[in-house]
Amino acid sequence: QVQLVESGGGLVQAGGSLRLSCAASGRTFSYYVMGWFRQAPGKEREFVARISSNGGNTYYADSVKGRFTISRDNAKNTVYLQMNSLKPEDTAVYYCAKARKFYSTSNFISDDEYDYWGQGTQVTVSS
């Protein structure tokens, strides 16, 4: 069993920054890809970023590329999402998730490739 707990969300003005954290329980955290997703009101959940098990490979949605940075500290069982140059359209509930398997046919961008999810943290960007 894995538990994921996100923190760091809040209200920020456009152009500002936030750093989200996701703390994981369990001894197998370092074995798996971790991802961040988000869901805005009235919209489907969408992929934001993912990071390989050792942190050496990352992948981003086009909408956040160059503004967001995903990282992880396996010694602390924590994955982070640094969000800079925030825009009102980044407003959403942000979720971290653990990949179900060690491999993917879609670069881990599909939410059905993840089996454990956090409760989410609200990010609101005002214009």
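What's counted below: heavy atoms across the whole structure, side chains too, no hydrogens, waters or symmetry copies.
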Practice problem: Please report the C-alpha distance between V33 and F102 in whole Å, then the side-chain angles of each, then the deciding distance to 0.1 Å, and finally whether the side chain to side chain contact (heavy atoms under 4.5 Å, CB included) criterion is met. | Solution: CA-CA 7 Å; V33 165; F102 297 122; over 6 Å; no
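Smallest separation of non-hydrogen atoms from L20 and G9: CD2-N, 3.6 Å. In plain terms, the two heavy atoms of V125 and T91 that are nearest each other are N-OG1, 2.9 Å. Taking every heavy atom of both residues into account, S85 and D90 meet most closely at O-OD2, 4.4 Å. Closest heavy-atom contact between G56 and S52: N-OG, 3.2 Å. In this structure, A14 and P88 approach most closely via the heavy-atom pair CB-CD, 4.1 Å. Across all non-hydrogen atoms, the minimal contact from Y114 to R100 is O-NH2, 3.3 Å.
In this structure, CD1 in I109 is found 15.0 Å from OH in Y60, a value given to the nearest 0.5 Å. Between the CD atom of E6 and the CG atom of L81 there is a distance of 11.0 Å, given to the nearest 0.5 Å. Taken from CE in M34 to CD1 in I70, the straight-line distance is 8.0 Å, to the nearest 0.5 Å. To the nearest 0.5 Å, atom CZ of residue R38 and atom CE of residue M83 are 9.0 Å apart. Taking CZ from F29 and OH from Y116, the interatomic distance works out to 15.0 Å, rounded to the nearest 0.5 Å. With values rounded to the nearest 0.5 angstrom, Y32 atom OH is found 4.5 Å from K98 atom NZ.
Formation of a donor-acceptor pair under 3.5 Å by the R50 side chain with backbone atoms of N57 is found in this model. With hydrogens and angles disregarded, no donor-acceptor distance shorter than 3.5 Å links the side chain of Q39 to the backbone of Y94. Using a distance-only test at 3.5 Å, with no hydrogens or angles considered, no donor-acceptor pair links the side chain of N77 to the main chain of T28.
Residues T124 and Q122 have side chains that bring a donor and an acceptor to within less than 3.5 angstrom of each other. No hydrogens or angles considered: a donor-acceptor pair under 3.5 Å links the side chains of E113 and S104. Residues R72 and N54 bring no donor and acceptor atom of their side chains to less than 3.5 Å of each other. Side-chain contact of T78 with D73: a donor-acceptor pair under 3.5 Å is absent, judged by distance alone.
A continuous path of hydrophobic side-chain contacts links V93 to F37 [ILVMFWY only; heavy atoms under 4.5 Å]. Both L18 and V79 are part of a single hydrophobic cluster, where members link through side-chain heavy atoms under 4.5 Å apart. Taken together through direct or relayed side-chain contacts under 4.5 Å among Ile, Leu, Val, Met, Phe, Trp and Tyr, I51 and F68 form part of one hydrophobic cluster. A single hydrophobic cluster is seen to contain both V48 and L86, as judged by linkage of ILVMFWY side chains at heavy-atom distances under 4.5 Å, directly or through other members.
For an aromatic pair to be called close, the ring centres must be under 6.0 Å apart, and F47 with W36 fails this. Ring centroids of F108 and Y59 are separated by 6.0 Å or more, keeping the two rings apart.
Counting heavy-atom neighbours within 6.0 Å of Q3 CD, excluding the residue itself, gives a total of 12 or less. Counting heavy-atom neighbours within 6.0 Å of K43 NZ, excluding the residue itself, gives a total of 12 or less.
Under the 4.5 Å side-chain criterion, counting only non-hydrogen atoms from C-beta, Y31 is not in contact with S53.
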